[in-house]
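In what follows, a structure is listed as structure tokens, so that the remarks can point back to it.
To find a chain, count down the sequence lines: A is the first, B the second, and so on, and within it residues start at 1.
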Amino acid sequence: MPQSASMSLVDAFEKSATAAAATVERVARDPEQIAAAVARIAPAGPLAVAEPLYLPTKLFDACRHLAGAFDARSRKAMDDCAVGVTDAFAGVAHSGSICVCIDHDYAGYVSLLSRFHVAVLPAENIVERPGDLFRLDCLNGDGLRRNFVFITGPSATADMGPLVRGVHGPHRLHVIVV
Amino acid sequence: MPAPAPAPESPRAVANKSSKRTLLAAIKMALRIESSAVRHNTQTFNRNRYSATGALSDYDRLKDRARAIKERAIANIPELLATLEASVTQNGGHFFLAKDAAEATRYIADVCSRAGVRLVVKGKSMTSEEVGLNRVLQARGIEVAETDLAEFILQVADEQPSHIIAPAIHYSRERITALFKSRFKTDLPLDSGEELTRFAREHLRQKFLAADAGISGANLIAADSGSIVLVESEGNIRMTSLLPPLHIAIAGVEKVLPSRADFAPFLELLAASGTGQKLSSYTSIITPPLHAVPVLTNSDAAPRREFHLVLVDNGRMTMRQDPVLHEALYCIRCSACLNSCANFQTVGGHAFGGETYSGGIGGSWEAGTRSLDAARFNELCTGCSRCVSQCPVRIDVPFLNSTLRQRLNRRDAGKIAQLFSTVLADGSRDPVDAAPLQKLFFGRYDLFGKWGSLLAPLSNWLNAIPLTRSLMEKFVGLDRRRELPPFAKPTLVEAWRQPPASPALAAVEPPSTAVQPAARAVLFADIFTNYGSPSRGLATLKVFQSLGIDVVVSETCADGRAPLSQGLIAIAAEQARRTAELLRRYIKDDRDIVVIEPSVLAMFHLDYRRLLADAEGQLLFQILRDHSFDAMEYLWSFMQGVGLNPAMLFPASRHPLGTRLFYHSHCQQKTVGSALATEALLRAAGFDVATSRVECCGMAGSFGYKKEYYDLSMAVGQDLFQQVAEAEADGPRVLVATGTSCHEQLAAGLKRNVLYPTELLAALVPKPESQNRKPAASHA
């Protein structure tokens, strides 16, 4: 993919994700920088880090040493989790969605039970439309194989009258594009 | 006459609409208690849908793809089910095909009992509502926690859903607060959406963490892989399918698609058409059972994950064989047809809906999964057609409802009505269109119009006396509060044939700038214009002639709109054939068909495809569709084509009524895409045009004339009346509307005169210098 096209997908992704009430920042692909970004944005409290699926494990190493990081995997611990860090194997420019594999390590739980979800997304995996994920020639056809969820902004409801963000799923979503 | 039964307060009491009395009680209840929340919420969805679908550059292509996939899938359900069973089994899950509600609920209850389940968390599933799953599980001593916040509200209130994607859409925040405070005996203030959500979240979080099983629906299922799609915003369905080790998904057999790749067009269509989002917060694509290690409350147990896919027939395979209702199986439950419906926006699904399914599409589903009688609420579909272009799989919802109406008519026709039916079906003895008197009365406006005009002014005098109105209300249900447009004398056709009788038809000189007549047109004398408001036709002729358009008037001919709206489909088809054949003669004579009444134009552009079903008919339909135009649309395209400037020919600044207009386009006119031309021409002429933003005025043909729907019709109209008031905040405007029933509604609500667009323009046609009439163009 030419560099300019790739850049414009990142821009489009950032715009759509922001419109969907997520926050987005771009960070160098470096363990210390990612950890610093998480520390900057995330509130204090228990922090769970799920094994990345697409990115090298060592990119998350520094995050595992942040204050509050824990390794317990009980329901209770997960439920108390303030911040959850996962990777995202794809992003969607048109909708501002990220695709998180829920079957890999604890990413499914961490991206759902924590109050604040931080997702790390490789810039080159941003596609244009959600439907692209269902093509064999897109991201090795992973969209056709994986158990995953398109996450578009934080959980939300309008069932209680006005729009409320933060229901059963995370109240905030922050995407770190690397 | 006995006093009417008091309207029940409880939605449950009016859920089953098998009797018309229940339907009317439900409308009354909804108008009093639920209307304002429903209106606000559905109209928000509706606006958001327009902007979300507008942002899809390939919206039409996505719809075509989705439709094609669904057609293929429904045609191949048996094969797909076999493939799917193999896929699910191979994945390590269990597959069960339930022939009815009892089988489905028994299977699920058995699975839960075997697994020792005490608490089930449920994601929203209309299919589980349809089969009554909760009651069966609870009877086995299993606690069921509905976790979608709307379903949670309904569980607390013990009510049925009022909308297919937002089941508690009839609840305002204030009513939820009152409900929670009374049921949960809490001192918390709960007086904001945030507080209510936090309260429900904490309550349900405990359920999620303790649940032994999760039950979800499925938006789409892929036969080739056993993958399912789960769409939601709150995260409760992710919890339901991930946290408990046992996951059961229940869905109708119509949800199965051939392959996972087929999911592609549906994801954006569902989100855009439903909540009006690019994608909902969470769209999960999973092939259960999941591999993620179950995280359990009791950490020393480590059971395997267990997954059951329960597919429900419950009438669907019979629907599939139905020549018309099979189309309902294409539905992906997005709710666009609910949110774009003016009646639904006003009463919601507790009135316009049955025990499970609601809105325009709901009638077919209640008929298919319960009984034809349960679909009686289809009466609230006025055929306005606003849903037709909103449906992501292009379902012709109004035609489904006309068909249900035809079937109910047959059942409801009394002996006298059957006799009348035979007479009114033009001598045809086909009993297919036997119907109650009210349906026959409104369906045969062609006959009443013809005799009314012949007997005018006697007929108009009769119509004006209270005794006639009271008898008409009693016998055919024509509400006496509605003013009746007088029968015309002369009719449009008579006025055209005897030009001296009509000063409006005095010859006018074409402007010198006009080129020689390149345009040849025939004005179709539809029955509404001919018998009810010939002035609209005469003004159109005057304007056309002033531009040098060679125009003639056809003979009058019933087009089928009136009978179709009453479910008299056989009569409608017969009329359609006659009209199409009549107009084909003009088309062969190189004339374009110009139509005054938008509901008639919509017949030519949409409904004749159904009514002229054979090969010859399809040809007629295509010819007519390609050669028929709204009068203003025709005018605008003619003026653009020959380079005539509306500002020169119809200068708004010289209009005796001023330049400020309020224009309301007709529902079916919007659907066939001919409304914008009117606005464009009026603006180009220099008018200051404010426009309505409603889907439909509420009159909707005969609907608002009916005694039992008068109040609803006027309630729907309130939005339009309000918009006029807002547009006139800085001064009065001339009311302009294209549809004849919109005229009546605006006149009724605002007590004002309303003009047809060409009537407005006709006032700007210069007076002819000589009164010599040009040689009349010959009749075709």
Side-chain angles (χ1 to χ4, degrees), chain A residues 16 19-21 72-79 92 94-97 99-109 111-113 129-136 141 143-171 173, chain B residues 37 41 44 55-56 62 147-150 152-153 166 168 171-174 176 192-194 196-197 200-201 204-205 208-209 225 227 233-236 238-239 242-243 260-265 267-268 271 275 277-288 290-293 295-297 299:
Chain A
S16 309
R73 301 299 197 191
S74 73
R75 275 195 191 193
K76 179 81 181 75
M78 297 264 192
D79 184 43
V92 182
H94 183 255
S95 56
S97 314
C99 298
V100 173
C101 177
I102 59 161
D103 237 6
H104 179 72
D105 191 48
Y106 288 84
Y109 301 98
S111 64
L112 178 63
L113 289 165
R129 301 283 289 273
D132 294 342
L133 269 293
F134 300 91
R135 288 201 333 251
L136 264 175
L144 286 170
R145 293 187 289 115
R146 298 269 180 209
N147 286 323
F148 72 97
V149 55
F150 289 95
I151 298 178
T152 314
S155 66
T157 187
D159 288 340
M160 295 294 180
L163 178 71
V164 177
R165 294 191 205 284
V167 194
H168 302 299
H171 297 211
L173 171 66
Chain B
N41 293 328
T44 305
L56 292 172
L62 287 175
T147 60
D148 172 80
L149 293 193
F152 177 61
I153 293 168
Y171 263 94
S172 63
R173 203 274 302 152
E174 291 75 11
I176 304 170
S192 71
E194 281 79 10
L196 283 165
T197 303
R201 178 193 194 273
L204 292 171
R205 195 74 167 203
F208 281 126
L209 295 176
S225 57
S227 303
S233 298
E234 297 174 357
N236 62 310
R238 291 183 64 195
M239 297 270 192
L242 177 70
L243 286 185
R260 179 151 158 163
D262 291 326
F263 291 163
L267 304 185
E268 286 174 295
T275 47
Q277 294 168 295
K278 287 178 171 175
L279 277 188
S280 303
S281 305
Y282 303 121
T283 302
S284 298
I285 318 287
I286 56 173
T287 308
L290 297 176
H291 302 292
V293 184
V295 175
L296 300 166
T297 324
S299 56

B:Ile176 and A:Asp159 have their tightest heavy-atom pair at CD1-O, 3.3 Å

OG1 (B:Thr283) and CG (A:Leu133) are apart, to the nearest 0.5 Å, by 11.0 Å

**Q.** Under 3.5 Å: donor-acceptor pair, side chain of A:His168, backbone of B:Phe208
**A.** no

Among B:Phe152, B:Phe263, B:Tyr171, the residue with the most heavy-atom pairs under 4.5 Å to chain A is B:Phe263

Tightest non-hydrogen contact, residues A:Pro154 and B:Ser281, listed as O-OG, 3.3 Å

Whatever's closer than 4.5 Å to a heavy atom in chain A on B:Thr287 counts as both

The reported gap from CD1 in A:Ile151 to OG in B:Ser284 (rounded to nearest 0.5 angstrom) is 8.0 Å

Honestly, the part of B:Arg260 sitting under 4.5 Å from a heavy atom of chain A is both

Heavy-atom side-chain contact between A:Phe134 and B:Leu267 under 4.5 Å
yes

Ranking A:Val164, A:Leu112, A:Asp132 by heavy-atom pairs under 4.5 Å to chain B gives rank one to A:Leu112

Ranked by heavy-atom pairs below 4.5 Å to chain A, first place among B:Ala55, B:Ala168, B:Gly193 goes to B:Gly193

Rounded to the nearest 0.5 angstrom, the CD-OG1 distance for B:Gln277 and A:Thr152 is 8.0 Å

When B:Asp148, B:Leu196, B:Thr197, B:Asn236 are each screened for side-chain contact (heavy atoms from CB on, under 4.5 Å) with A:Thr157, the one that passes is B:Thr197

| Pairwise side-chain contact, A:His94 with B:Leu279, heavy-atom cut-off 4.5 Å (strictly under) | no

In this structure, CG of A:Leu113 is separated from CG of B:Leu242 (nearest 0.5 Å) by 7.5 Å

Have A:Ser111 and B:Arg238 got a donor and an acceptor in their side chains that come within less than 3.5 Å? yes

Any heavy-atom pair between the side chains of A:Met78 and B:Leu209 that's under 4.5 Å? no

Okay, B:Ser192 and chain A: the region with an atom under 4.5 Å from a heavy atom over there is neither

* Quick one: does B:Arg173's side chain get under 4.5 Å of A:Pro162's, heavy atoms only? -> yes

Residue from A:Arg145, A:His104, A:Arg135 scoring the most non-hydrogen pairs under 4.5 Å with chain B is A:Arg145

Look only at the side chain of A:Arg146 and the backbone of B:Ile285, and say whether a donor-acceptor pair between them is shorter than 3.5 Å.
no

Looking only at B:Arg205, B:Met239, B:Glu234, the option with the highest number of non-hydrogen pairs under 4.5 Å against chain A is B:Glu234

Ranked by heavy-atom pairs below 4.5 Å to chain A, first place among B:Lys278, B:His291, B:Arg201, B:Glu194 goes to B:Arg201

